[in-house]
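Okay, so here's the structure we're looking at.
Source: prediction; values computed, not measured.
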Amino acid sequence: MVRYSDELIDEIKNSNDIVDIVSQYVKLKRTGSNYSGLCPFHNEKSPSFFVSPNKQIFHCFGCGVGGNVFHFISKIEGINFRESVQELAERANITLPTLENDKSSKLEFLKSRVYLINGEAAEFYHQNLYNVSSKPAQEYVKKRKLDNNTLKKFKIGYSCKFDELYQYLKSKEFTDEEILASSLVKRGKSGKFYDSFQNRLMFPIQDIRGRVIAFGGRVLDDSKPKYINSPDTVVYNKGRHLYALNQVNTLQNKKIIIVEGYMDAVSLHQRGVENAVASLGTALTEAQGRLLRRTADQIIIGYDADGAGQAATMRGLEILSSLGCDLRILQLEGAKDPDEFIIKYGNGKFNKYVDEAISLVEFKIKNIKSELNLDNTSDKIKFLNEIAKTISKVDNNMEKEVYIEKISKEYTISKEAIYSEIQKLQNNNRKDLKVLERKTSGYNKQKKEETNIDKQTIRREDTIISMLVSDGINTYSKISEIIKPEDIKYEINRNIISKIYSEFENGKTEILDYTNLFEDEETINHITAIMAEDYGIQEIDKGIEDIINLYNRERLIDRRNSIIEKLESSEISKEESKELGKELNSIIIELSKIKWFL
């Protein structure tokens with residue numbers, strides 16, 4: 001039987017957004033950044049079924065079932081894990097290996113070869129940039145103010161003439177079929193092979209694992225087309241990837257700035273804005289939107305200021321808004337694009353504009369205003385009607401209040417008038433939105449009642465797992481020497497923490513899906529319940545410090561009590577009593593130094 005690789009499993013999972021899949025079976029309603037609905041696995045009248053697009057999990061707070069998209073399909077269709085992989089692969093048009101006793105099918109083998117070809121080509125182009133014959137490209141990167149570190153970081157290169165790449169790849173013993181599959185080389189009518197990219201500055205496109213999957217090539221002058229990009233291949237679909245996303249440290253950057261071009265992204269990274277990515281020569285797609293939503297808490301659109309850039313902004317806003325993303329729109333002044341702006345004004349001013357990026361509501365109101373003359377009575381009435389429509393779609397009442405207050409002051413429209421129009425719209429389009437009640441699942445309550453461990457201890461252990469899941473190796477590196485699996489009292493939590501520790505100890509630096517670490521349904525349900533819960537940790541490092549202090553404090557208290565018990569015994573010698581007294585004093589001093597929380 002063919003074993004599906006972890007890489008292939010990840011590809012299938014990433015190609016099947018859990019909200020899209022679940023919504024085919026369950027009527028979902030947005031509740032904040034998540035979705036809720038009636039659980040398909042037990043009878044209920046009020047929705048307790050939760051789906052997180054950011055964490056790509058589902059969990060029912062009623063019956064306790066949970067997991068990722070594979071677990072959902074397995075349970076809803078009554079099939080095993082392998083069959084769920086096949087089902088979701090088919091939905092995503094991903095071909096699975098079929099040959100018995102083979103590591104991969106012919107297609108999988110071809111894909112592996114194309115990855116190698118792309119890597120070789122990237123290195124070939126990059127080295128060529130430094131050749132004497134590449135003087136025009138060297139002058140161009142100098143003009144665009146790109147330094148050597150940036151060239152190396154992004155593997156920027158220069159493509160040759162005619163068939164130089166083809167000849168190089170042949171020397172590396174790749175077949176014509178493999179080379180053509182990469183789309184880096186074409187075959188002419190005469191049967192001769194020639195390079196697809198010639199005399200262009202080359203930008204390798206990498207997936208989130210850092211594999212080179214495609215290329216973009218820019219001319220060095222004003223000739224057209226300015227850019228040409230790799231077509232879709234066996235390893236690349238331009239609508240599913242983002243340029244430079246592999247360079248963004250998503251653990252440190254919870255914001256991502258999306259720009260139009262490769263050069264914008266590269267220029268921003270060079271100048272310290274290391275959370276910039278670019279769409280790939282196409283309008284932002286829903287798949288790219290889902291990728292952004294999974295990667296960042298907040299997305300800032302920084303497209304060019306020209307007509308095409310603003311049109312792209314609107315298209316991107318509609319897609320990202322429909323996916324429930326926290327959106328901001330960058331409003332740069334004094335430059336046509338982010339590259340020009342940051343070179344002209346510097347990192348500090350650019351970051352100031354990022355901090356001042358406006359919300360989707362503000363952007364829409366600004367656009368409505370730009371098309372109307374507010375000195376005209378009819379236009380002002382139209383403006384009021386349009387902003388009422390926009391604000392009525394805001395779910396958060398406090399946010400709605402802020403917008404109404406701001407608009408009332410800025411445009412001298414009474415708050416009462418705005419409220420009145422919004423109320424009319426809401427009365428006409430009232431929807432019975434039921435908010436998912438965040439409560440401890442029946443599953444967890446039942447399981448925890450079976451133990452003799454106090455709820456506070458279990459809550460603390462759940463918090464540790466939550467931090468490990470959200471912060472990965474950073475949390476592990478800080479707590480693993482102090483909090484050992486054997487310190488965990490609740491068995492299921494001990495097993496989870498032990499497994500996560502083991503993964504990091506064996507060299508993993510990132511775990512993409514924690515639910516995949518476990519096979520038994522009980523553990524999967526338990527960990528998704530923890531992932532679905534809000535533990536109120538505002539600053540992860542502060543949370544880690546508090547947890548460590550609490551464990552150290554408990555150890556000291558246990559030792560203090562043990563010493564006191566011994567000192568009260570008449571069976572210890574004076575010398576031993578003296579030593580225990582010294583230790584007790586030290587412990588009391590240590591306890592006074594520890595900051596702790598209840």
field: Enclosure of K142 NZ (heavy-atom neighbours >12, cutoff 6.0 Å)
entry: no
Is it true that a side-chain atom of [X] and a backbone atom of [Y] form a donor plus acceptor pair closer than 3.5 Å?
X	Y	result
S23	D20	yes
K55	M531	yes
N275	K255	yes
S134	N128	yes
D471	N474	no
N347	R271	yes
S230	A214	no

Heavy atoms, side chains only, cut-off 4.5 Å: are [X] and [Y] in contact?
X	Y	result
F363	I301	no
Y236	N229	no
L201	L220	yes
L28	S36	no
I342	K349	no

Taking NZ, NE, NH1 and NH2 as the nitrogens, is one of them in [X] or [Y] under 4.0 Å from a carboxylate oxygen of the other?
X	Y	answer
E421	K424	yes
D163	K161	no
K406	E410	no
E386	K382	no
E405	K415	yes
K143	E139	no

query: Checking side chain to side chain contact (heavy atoms under 4.5 Å, CB included) against I544, which of D546, I547, I540 comes through?
result: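 Output: one option passes, namely I540.
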task: Give every residue pair that meets the ring pair (Phe, Tyr, Trp, His ring centres under 6.0 Å) criterion with at least one member in residues 196-226, sequence neighbours excluded.
output: Y125-F215, F203-Y262
- request: May I have all residue pairs that pass ring pair (Phe, Tyr, Trp, His ring centres under 6.0 Å) and include part of residues 378-421, sequence neighbours excluded?
  value: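 Non-adjacent pairs meeting ring pair (Phe, Tyr, Trp, His ring centres under 6.0 Å): F383-Y411.
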Between [X] and [Y], a side-chain donor and acceptor under 3.5 Å:
X	Y	value
E362	S359	yes
D513	T515	yes
Q270	N149	no
N68	N516	yes

Partners meeting side-chain hydrogen bond (donor to acceptor under 3.5 Å, both in side chains) with N148 (sequence neighbours left out): Y130
- request: Not counting sequence neighbours, which residues clear side-chain hydrogen bond (donor to acceptor under 3.5 Å, both in side chains) with E164? List them please.
  value: none
message: side-chain hydrogen bond (donor to acceptor under 3.5 Å, both in side chains) for S133 and N131? Distances and angles first, verdict last.
response: CA-CA 5 Å; S133 59; N131 289 341; 4.7 Å; no
field: Centroid-centroid distance, F154 to H269, less than 6.0 Å
entry: yes
field: Proximity of Y353 and F341 rings by center, below 6.0 Å
entry: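 Ring centres of F341 and Y353 closer than 6.0 Å.
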message: Among K111, R211, R240, exactly one meets salt bridge (Lys or Arg N to Asp or Glu O under 4.0 Å) together with E11. Which residue is that?
response: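 Among K111, R211, R240, the one meeting salt bridge (Lys or Arg N to Asp or Glu O under 4.0 Å) with E11 is K111.
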- request: Take R218 and Y140 through the test side-chain hydrogen bond (donor to acceptor under 3.5 Å, both in side chains) and record every step on the way to the result.
  value: CA-CA 11 Å; R218 193 200 192 283; Y140 181 81; 3.1 Å; yes
task: I would like to know whether N34 and T31 meet side-chain hydrogen bond (donor to acceptor under 3.5 Å, both in side chains); could you show each step before the answer?
output: CA-CA 5 Å; N34 300 310; T31 54; 5.7 Å; no
field: salt bridge (charged side-chain N to carboxylate O under 4.0 Å, His left out) pairs, two or more places apart, involving residues 364-374
entry: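 Sorted pair list comes back empty.
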statement: Sorted by chain and number, sequence neighbours left out, salt bridge (charged side-chain N to carboxylate O under 4.0 Å, His left out) with K478 holds for D541
